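Read through the structure below, which is laid out as structure tokens, and then see the notes.
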Amino acid sequence: MPTPAPVLPLIDASSHWPERGALIGLDLGTKTIGVAVSDPDRRLATGVETVQRKAFKSDAARLLAIAAERNAAGFVLGLPINMDGSEGPRAQSTRAFARNFSKLTELTIALWDERLSTAAVERELIGMDVSRAKRAEVIDAGVVGYTIVQGLERYRAFAKSYDPDIVIDQERMAVMVGAGISYGDLSSFLHQQGFALHNLASLPQITVAGAIATATHGSGDGNKALSSAVVGLELVVSDGSLQRVELGEADFEAMVVSLGAFGIVTRVTLAIEPTFDIRQDAFVDIPWDELLAKFDAISSAAYSFSIFTKWSGPTASRIWLKTRLAAQRPGEFDITRLELNLGSNLGLKPGVPYSVPATVENPLALLNPFGVAGPWSDRLTHTRREVAPLPAEQIQSEYLIARPQLQKAVAIIRAMAERIDALLYATEIRTIAADEFWLSPAYRQDTVGVHFTWKKQIDAVDAITKELEALLIPLGAKPHWGKLIHADAATLAPLYPRMADFRSRVLSHDPEGKFRNAYLEKHVFG
Ligand SMILES: Cc1cc2nc3c(=O)[nH]c(=O)nc-3n(C[C@H](O)[C@H](O)[C@H](O)COP(=O)(O)OP(=O)(O)OC[C@H]3O[C@@H](n4cnc5c(N)ncnc54)[C@H](O)[C@@H]3O)c2cc1C
């Protein structure tokens, strides 16, 4: 008799399996067992057989024969947990089956929470307009394929992160992820499971750890920076141990936006909400005076707002408004109201929608579609998840300005407009709501971000950004931690009321300075 195979949650099981090799997905019904098999790379799964249940011994023998034929590396069993998270008789009998089956094989058996895959099938079928009566039978047949496909999707997302587990805690409405996962992978996974993050930055490739450490933000008057979704952190600290810190605990506000100064973040817990749809609309050419006069009305007109422009023309050239749709289905959204509101009330001129075919030659093809509602995960970033970003032939800098100072900041920048535009691809202006993180540029201040994507002319951009910083810092503007930044610690410290506290907390967590680097020395410690 072999040693019983381990029976583990999917993520734990994944570290027991070899890197390649088919996985066998099993959906245990009372009369049948649905069997699906993945390819050796675990990218696709297809249903292969429905085993009619007779007796445990003969059923198990058939499953083992299928596994042997396919040279399988492991099994994945759907665990039918109740929607409230409790386990009823079906889950118990699945566990009992797994226990008994594990005595007959050495292949690790994974248990995969089936709730989410059933929900995914249901959503898919609603999309395909299958009638409610028919839906129940189709779901039963489809679930085995989905069980394994969804499981594999989750499994692949893990492989990209430091610690591959994504755990959704529905009761707490939070997701725990490996810190190295990108927002693109995380947001597509969350949307498929029916959840959302509150906001995203302009592109999907950045990681959760890199974004929260630098107070990376999206836009919207009511939207705080991405770090504000953090409710828990796990990090390797200077003595090599693993430390957890939760929202509400001492030092949390120091440790989230912390530029890596407290240690290596391994896992992050983020607040989630039910998934939602967004529609983005483009408007063009608003005169600068009018824009500044109506700034609050325009920036608050939609869930998220961006202005893209150069500086020397008479108008700010493009305004993008991302409207959060109350209803889940686009058809239920009253688009005329949106257009009336934005067009007439604000006097904005509609722009050509950028819904263009995706070709690599056309840079607009990098953008998510306009004028069409879609999931938050495919609208809150500007660029599409499936399109690789263009090579980084650019330099970025951004200045975070308290809202009351915007008018003065724009005057300063417009006075340098010709020189700036000669080096500029585009500026993006966004709004960020106040938060509580000690090193956040929006600490207790509603803020406007004025971003510059510069051409890669290193010396000239170096000079002009030094000049811009020197002119804007006296207004209280803070350079973005994750972009080009010149000011030293002595210049930056007065902008951050909790900077002294931050330094002292870092010193007590990392007295030997194991996590110090040249960046921290220059901009934080001095
Ligand atoms: C094309 C482009 C578009 C951008 N768009 C936006 C935008 O829309 N909004 C915005 O605010 N910013 C934006 N940025 C800036 C960007 O968000 C930051 O530079 C961010 O840090 C990039 O994330 P990353 O995953 O590349 O981080 P990295 O460069 O990998 O990390 C940045 C820093 O975070 C810390 N860090 C990273 N991982 C860990 C860890 N595991 N533990 C502890 N500390 C860690 C370190 O201090 C590190 O130096 C953009 C940048 C680019 C290049």
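Order of appearance sets the numbers: ligands from 1, and atoms from 1 within every ligand. This structure is a prediction, so every number in the text was calculated from the model and none was measured. Start at 1 with the first residue, then count along the sequence.
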Any atoms of ligand 1 less than 4.0 Å from a non-hydrogen atom of [X]? List them with their elements.
X      : value
Leu259 : 47 (O)
Ala213 : 34 (O), 35 (C)
His480 : 10 (C), 11 (O), 12 (N)
Thr207 : 24 (P), 25 (O)
Gly260 : 43 (C), 44 (N), 47 (O)
Ile206 : 17 (O), 22 (C), 23 (O), 25 (O)
Gly263 : 42 (N), 43 (C)
Ser202 : 3 (C), 4 (C), 5 (N), 6 (C), 7 (C), 8 (O)

So for ligand 1, is [X] a polar contact partner (N or O within less than 3.5 Å, distance only)?
X      : result
Leu203 : no
Arg430 : yes
Gly482 : yes
Glu398 : no

Looking only at the side chains, is there a donor atom on one of [X] and [Y] sitting less than 3.5 Å from an acceptor on the other?
X      : Y      : answer
Trp311 : Thr427 : yes
Lys514 : His509 : no
Trp376 : Thr275 : yes
Glu428 : His382 : yes
Gln394 : Thr453 : no

query: Which bit of Thr216 is near ligand 1, meaning a heavy atom under 4.0 Å away: side chain, backbone, both or neither?
result: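 For Thr216, backbone and side-chain atoms both sit under 4.0 Å from ligand 1.
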Pick from Gly210, Gly218, Ala179: the one approaching atom 20 (C) of ligand 1 most closely through a non-hydrogen atom: Gly210
message: Quick test of your reading of the structure: of Asn199, Thr453, Val208, Thr214, whose heavy atom lies closest to atom 33 (C) of ligand 1?
response: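 Looking at heavy atoms only, the winner is Thr214.
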- prompt: Please walk me through it: do Phe295 and Phe305 pass ring pair (Phe, Tyr, Trp, His ring centres under 6.0 Å)?
  reply: CA-CA 11 Å; Phe295 190 82; Phe305 132 104; 5.5 Å; yes
- request: Identify, with sequence neighbours excluded, every residue that meets side chain to side chain contact (heavy atoms under 4.5 Å, CB included) alongside Arg498.
  value: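 Only Trp438, Tyr443, Asp501 meet the side chain to side chain contact (heavy atoms under 4.5 Å, CB included) criterion with Arg498.
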message: Give me each pair satisfying salt bridge (charged side-chain N to carboxylate O under 4.0 Å, His left out) with a member in residues 473-494, each pair once, sequence neighbours excluded.
response: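 Pairs touching residues 473-494 that pass the test: Glu398-Lys483.
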message: If you count heavy atoms of other groups shown closer than 6.0 angstrom to NZ of Lys522, is the number above 12?
response: yes
query: Below 4.0 angstrom, N of the basic side chain to O of the carboxylate: do Lys224 and Asp435 qualify?
result: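 Between Asp435 and Lys224 there is no salt bridge, as every charged N stays at least 4.0 Å from the carboxylate O atoms.
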